[in-house]
2 protein chains.
Amino acid sequence: MSTKVENIKNYLESKNVKPTYHRIMIMKYLEDSKEHPTAEKIYEDVVKTIPTISKTTVYNTLKVFVEEGIVEELNIAGTTTHYDLSKQDHDHFLCLECGRIYDISPEESLGRNCVDTIEGNKVDEVKCYYKGICKECLEKDN
Amino acid sequence: MSTKVENIKNYLESKNVKPTYHRIMIMKYLEDSKEHPTAEKIYEDVVKTIPTISKTTVYNTLKVFVEEGIVEELNIAGTTTHYDLSKQDHDHFLCLECGRIYDISPEESLGRNCVDTIEGNKVDEVKCYYKGICKECLEKDN
DNA sequence: TTTTGATTTGTAATGAGTACAAAAGTAGAA
DNA sequence: TTCTACTTTTGTACTCATTACAAATCAAAA
Ligand SMILES: [Mn+2]
Ligand SMILES: [Mn+2]
Ligand SMILES: [Zn+2]
Ligand SMILES: [Zn+2]
């Protein structure tokens, strides 16, 4: 509710991003989303609330969010980029059957054994992606 | 040399891939390549040896290789897929300055703490990607 | 040689993402 | 308020990696 929008506003400001209506709505969408939506999916859903929004604005906004460390890009699927709020660091699992992307809890995440240097190279980010068949699909298949 | 081509031939046959001239040449290119080339790069170089080869054949061949587990796709760069022979499992490091992709030795690779199940999901593959500034660029920058 | 199936080729199409310039919005100065 | 400068948003055109598809070529067996 209104409190939430207020929170998002403050959060964006704290990250040096001017909290426009579009940006707030996209941020809100990401916070409510349990999934890891693509730009296309974000557009499809947000356009229901803001019928005049353009796809370019979605891309622009995501770009700003990524630059400010608010959002992180997932390239687990190969074809399309998925987006995730940069909260606690965690790995991701892609189900090759249903296509869903699951969060791996930080405790189980390999990427958490994060190094800042590997073989002489300075590491700024680590991404660990798992692929296979998810729990739900395994059960359904039996 | 000829021994090598003979080896590749046998290897492809052992993987149930008919060892055509094109496939052998692409395989040879991958074996000689220290880098992690894109389909485009492979085409550019292989077309020097086989002037009539088409880009589609490169894509087709890589697809077959991936299906048979001969080659692995790297989606570390976001935009383009890079290809790597599936030898010993290892992680990769992308330098954000020079764009090169480095191998991480298997011993240092996080992905080798490989699990076959994570949080109830069946894991078929794990990919760990590091991004940052490579050793060479770090030295050059000083 | 004929037949059959696999491979290769060229071209057209797809689809995610970007470039760019015009339009609209915002906020402060005068 | 009006003017001005700057930022954001929009629509459209474009790029570029990859795929679809059908025709041509090749290979190997009968
Ligand atoms: Mn996540
Ligand atoms: Mn490698
Ligand atoms: Zn699933
Ligand atoms: Zn470098």
Side-chain angles (χ1 to χ4, degrees), chain A residues 8-9 12-13 15-29 36-68 70-84 94 99 101, chain B residues 8-9 12-13 15-29 36-68 70-84 94 99 101:
Chain A
I8 292 174
K9 219 177 216 170
L12 292 180
E13 265 164 357
K15 292 282 190 173
N16 295 310
V17 174
K18 198 179 287 185
T20 68
Y21 179 56
H22 292 141
R23 287 170 177 169
I24 292 170
M25 287 301 117
I26 290 173
M27 189 68 193
K28 190 156 134 54
Y29 177 79
H36 298 87
T38 61
E40 179 67 34
K41 182 72 165 59
I42 295 169
Y43 172 74
E44 278 174 19
D45 288 344
V46 171
V47 79
K48 292 171 192 160
T49 311
I50 315 175
T52 58
I53 199 173
S54 75
K55 204 176 285 184
T56 303
T57 296
V58 173
Y59 277 104
N60 287 342
T61 301
L62 290 169
K63 195 179 173 209
V64 170
F65 285 0
V66 168
E67 280 164 2
E68 300 307 323
I70 296 169
V71 154
E72 145 178 22
E73 296 183 289
L74 305 182
N75 289 313
I76 192 174
T79 42
T80 316
T81 301
H82 292 252
Y83 294 87
D84 196 11
L94 170 68
I101 297 171
Chain B
I8 292 173
K9 219 178 216 168
L12 291 180
E13 266 164 355
K15 293 280 190 174
N16 296 311
V17 174
K18 197 180 288 183
T20 67
Y21 180 56
H22 292 144
R23 287 170 177 170
I24 292 170
M25 286 302 116
I26 290 172
M27 187 69 192
K28 191 157 135 50
Y29 178 79
H36 299 87
T38 61
E40 180 67 34
K41 182 71 164 58
I42 295 169
Y43 172 75
E44 277 174 19
D45 288 344
V46 171
V47 78
K48 292 172 191 159
T49 312
I50 316 174
T52 59
I53 200 173
S54 75
K55 204 175 285 184
T56 303
T57 295
V58 173
Y59 276 103
N60 287 342
T61 301
L62 289 170
K63 195 179 173 209
V64 169
F65 285 0
V66 168
E67 281 164 2
E68 300 307 323
I70 296 169
V71 154
E72 143 179 22
E73 297 183 289
L74 304 182
N75 289 313
I76 192 174
T79 42
T80 316
T81 301
H82 292 252
Y83 294 88
D84 196 12
L94 170 69
I101 296 171

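By convention in this document, chain letters (A, B, ...) are assigned in the order of the sequence lines, proteins followed by strands, and residues within each chain are numbered from 1.
The OH atom of Tyr21(B) sits 17 Å away from the C1' atom of dT9(C) (whole-angstrom rounding). Spacing between atom CZ of Arg23(B) and atom P of dT9(C) amounts to 11 Å, rounded to whole angstrom units. Per the geometry, CD1 belonging to Ile53(B) stands 10 Å off P belonging to dG10(C), to the nearest Å. Taking atom OH on Tyr43(A) and atom P on dG15(C), their separation rounds to 16 Å, with Å as the unit. In this structure, NZ of Lys41(A) is placed 15 Å from P of dG17(C), rounded to the nearest angstrom. Residue Asn16(A) contributes atom CG, which lies 15 Å from atom C1' of dT7(D) at whole-angstrom precision. Computed from coordinates, the His22(A) NE2 to dG11(D) P distance equals 10 Å when rounded to whole Å. Distance CE (Met27(B)) to C1' (dT7(C)): 19 Å, rounded to an integer number of Å.
Note on Thr20(A): every side-chain N or O is 4.0 Å or more away from OP1 and OP2 of dT7(D).
In this structure, Thr57(B) reaches the bases: a heavy-atom distance under 4.0 Å links it to at least one base atom across the strands shown.
Closest heavy-atom contact between Phe65(B) and Arg23(B): CZ-O, 3.7 Å. Residues Tyr29(B) and Pro37(B) approach most closely at CE2-CG, 4.0 Å, considering heavy atoms. Smallest separation of non-hydrogen atoms from Val71(B) and Tyr83(B): CG1-CD2, 3.7 Å.
Between the side chain of His36(B) and the backbone N or O of Asp84(B), no donor-acceptor pair lies under 3.5 Å. Although no hydrogens or angles enter the test, the distance criterion places no donor-acceptor pair under 3.5 Å between the side chain of Thr57(B) and the main chain of Ile53(B).
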ask   = Which letter, B, S or -, goes with each nucleotide of nucleotides 14-30 of chain D from 5' to 3', with contact meaning a protein heavy atom under 4.0 Å?
value = ---SBBB----------
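Using a 4.0 Å cut-off between a side-chain N of Lys or Arg and a carboxylate O of Asp or Glu, Glu40(B) and Lys55(B) qualify as a salt bridge.
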